[in-house]
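Notes to accompany the following structure.
Remember, it's 1-based here, ligands and their atoms both numbered in the order they're listed.
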Amino acid sequence: MIIDGNKTAAKLREDLKKKIIDLKSTYNSLPGLTVILVGNDHASKIYVKNKEKFSKEVGINSEVIRYPENIDESIILNKILELNKNKKISGILVQLPLPKHINKKKVIEAILPTKDVDGFHPLNVGHLSSGYDSRIPCTPLGCLLLLKKVEKNLTGKHAVIIGRSNLNGRPMAQLLLKENCTVTITHSKTKDLKGICNKADIIVAAAGKPKLVKGDWVKKNAIVIDVGINKTDSGIVGDVDFDEVSKVVHAITPVPGGVGPMTIACLLNNTVECFKRSNS
Ligand code: NAD
C-alpha cells in the first residue's frame, strides 16, 4: 500500500476550507498567518511560497515578511513582539534555518506560545512531552495522520524513529508514546540500526540520509513513513530505499508526495486551531 500524502493533504485542506467559512460567519474574521523568511535559502523560499499558496487556497489571510540575510536579530525580535500583539494574526512562523548570526532559540522563544503554529516554543514542547494538549509540530503531526490512514489503533506497536531532531524525531516520539506505542528513538550514534529496524512495526525515518533504510531492514507487516527530503543527482529521494522497501512492507509513504504535502496542510490546521483558541 502506498500512502498518498497528496490526496490526504488535499482532503485536509478541503475540510479546513469549509471550517474557515463557518468560522468567518461565527466570528466575522479569518485566521491570519505571518511567515518570516530571512535570507535566500532556495529550499526555504520554495517552502514559504507553498505555505502562502495553500494558505490563500483555504481562506487564511497570509503574509510573508522577507528580510535580507544580514538583518539584525533585534529587528526580527521586535517584529515578532509586534505580531504577538496584533489580534488579526493567529499564527507566526519563522522559517528555519536562520542565518548563523541569529539566535534561533531566542527567536522561537519570542513567539507567543498561543501563536506558535510550528509547536517549537518550549512551553508547547513541554506540554507535548507531558502528554498535555499542545500545538504539535507540523511534520510529526502529518506523519501521525498518514499512519492513521493505515492503522487507526497504534496501541502496543513498536515504533522506531530514526533521528532525534527537535523538528522531527523527538516530537514524533512523544506523539507515538501518546498513541501507546513502544517507542525506540535512534540517531547517528545508534549501534545496529538495521537490527532495531528489523523489529519495528512502524518506522519513521527522519535522518536526512538518502536511501538509508534498505529492504532487508524491515519486516513484512511494517508501516514505513519517510520524512527525508534529500537532493541527489538522480533527483529528490527519501531516507528509505523506496524500490526495495515497498516490495516488503505493508504500507509506505513515497518521496515526493508523502509527508511533504502533509506538513503544509498541518500548518494550516495549526493556524486554524490557534485562531479558534484565541476566539474561545
Ligand atoms: P537533522 O539533521 O536536524 O536531524 C537528523 C537526525 O538524524 C539527527 O538526530 C541524527 O542523529 C540522525 N541521523 C543522522 N544520520 C543517521 C544515521 N545514519 N542513522 C541514524 N540516525 C541518523 O534533520 P531534520 O531537520 O530532522 O530533517 C531530517 C530529514 O527530514 C531531512 O531530509 C529533511 O530535509 C527532512 N524534512 C522533511 C520535512 C517534510 O515535510 N517532509 C520537514 C522537515 C524535514
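Nearest non-hydrogen protein atom to atom 1 (P) of ligand 1 is Ser165 CB, 4.1 Å. Residue, atom and distance of the protein heavy atom nearest to atom 42 (C) of ligand 1 are Thr139 OG1, 3.3 Å. Given atom 19 (N) of ligand 1, the protein heavy atom at minimum distance is Leu193 CD2, 3.5 Å. Looking only at protein heavy atoms, the nearest one to atom 29 (C) of ligand 1 is Gly208 N, 3.6 Å. Looking at atom 14 (C) of ligand 1, its nearest protein heavy atom turns out to be Ala207 O, 3.7 Å.
With hydrogens and angles left out, the side-chain atoms of Asn230 and Thr232 include no donor and acceptor closer than 3.5 Å. Looking at Ser62 and Glu52, their side chains never bring a donor and an acceptor atom within 3.5 Å of each other. Under the 3.5 Å distance criterion, with hydrogens and angles disregarded, no donor-acceptor pair is assigned to the side chains of Gln95 and Lys45.
Judged by distance alone, the side chain of Asn124 and the main-chain N or O of Pro113 form a donor-acceptor pair under 3.5 Å. In terms of modelled atom types and a separation under 3.5 Å, the side chain of Arg135 and the main chain of Val117 share no donor-acceptor contact. Of the possible donor and acceptor atoms, none in the side chain of Asp239 sits under 3.5 Å from a partner among the backbone N and O of Leu212. A donor-acceptor contact shorter than 3.5 Å is absent between the side chain of Lys152 and the backbone of Lys149. When atom types are taken as modelled, the side chain of Lys219 and the backbone of Val249 share no donor-acceptor pair closer than 3.5 angstrom.
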Let me see the working for Thr263 and Thr139 under side-chain hydrogen bond (donor to acceptor under 3.5 Å, both in side chains), right down to the final yes or no.
CA-CA 5 Å; Thr263 296; Thr139 302; 3.1 Å; yes

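Contact atoms of ligand 1 toward Asn168: 24 (P), 25 (O), 26 (O), 27 (O), 28 (C), 30 (O), 43 (C), 44 (C) (distance under 4.0 Å to a heavy atom of the residue). The atoms of ligand 1 that sit less than 4.0 Å from any heavy atom of Asn230 are 32 (O). Listed by number with element, the atoms of ligand 1 under 4.0 Å from a non-hydrogen atom of Lys209 are 15 (N). Of all atoms in ligand 1, listed by their number and element, those nearer than 4.0 Å to a heavy atom of Val259 are 41 (N). Near Thr263, meaning under 4.0 Å from one of its heavy atoms, ligand 1 places the atoms 39 (C), 40 (O). Atom numbering of ligand 1 starts at 1 in the shown order; those under 4.0 Å from a heavy atom of Ile162 are 20 (C), 21 (N). If you number the atoms of ligand 1 from 1 as listed, the ones under 4.0 Å from a heavy atom of His187 come out as 11 (O), 19 (N), 20 (C), 21 (N), 22 (C). Remark: ligand 1 atoms within the under-4.0 Å shell around heavy atoms of Gly260 are 40 (O), 41 (N).
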Show every donor-acceptor pair shorter than 3.5 Å between a side-chain atom in residues 2-10 and any protein atom, with sequence neighbours excluded, or say none if there are none.
| residue | atom | partner | partner atom | Å |
| --- | --- | --- | --- | --- |
| Asp4 | OD1 | Asn6 | N | 3.0 |
| Asp4 | OD1 | Lys7 | N | 3.0 |
| Thr8 | OG1 | Asp4 | O | 2.7 |

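Residue-level proximity to ligand 1 for Arg164 is carried by backbone and side chain together, each with a heavy atom below 4.0 angstrom. The parts of Val227 lying near ligand 1 are both backbone and side chain, judged by heavy-atom distances below 4.0 Å. When non-hydrogen atoms are compared, ligand 1 lies under 4.0 Å from neither the backbone nor the side chain of Thr190.
Both Ile36 and Leu96 sit in one connected hydrophobic cluster of ILVMFWY residues. Membership requires side-chain heavy atoms under 4.5 Å apart, directly or through other members. Note on Leu267: it does not cluster hydrophobically with Ile92, by side-chain heavy-atom contacts below 4.5 Å among ILVMFWY residues.
For Lys49, the NZ atom is loosely surrounded, since the number of other residues' heavy atoms within 6.0 Å does not exceed 12.
When the options Gly163, Cys138, Cys143 are ranked by their closest heavy atom to atom 6 (C) of ligand 1, first place goes to Gly163. Relative to atom 34 (O) of ligand 1, the option among Asp226, Asn166, Ile229, Ile225 with the closest non-hydrogen atom is Ile229.
Checked by distance only, ligand 1 and Tyr47 stay at 3.5 Å or farther apart across all their nitrogen or oxygen atoms. At least one N/O-N/O distance between Ser188 and ligand 1 falls below 3.5 Å.
Contact annotation for atom 26 (O) of ligand 1: protein present (non-hydrogen atoms, distance under 4.0 Å).
Residue contacts with ligand 1 include Leu167, since one or more of its heavy atoms lies under 4.0 Å from the ligand. The shortest separation from a heavy atom of Gly169 to ligand 1 is not under 4.0 Å, leaving the residue out of contact.
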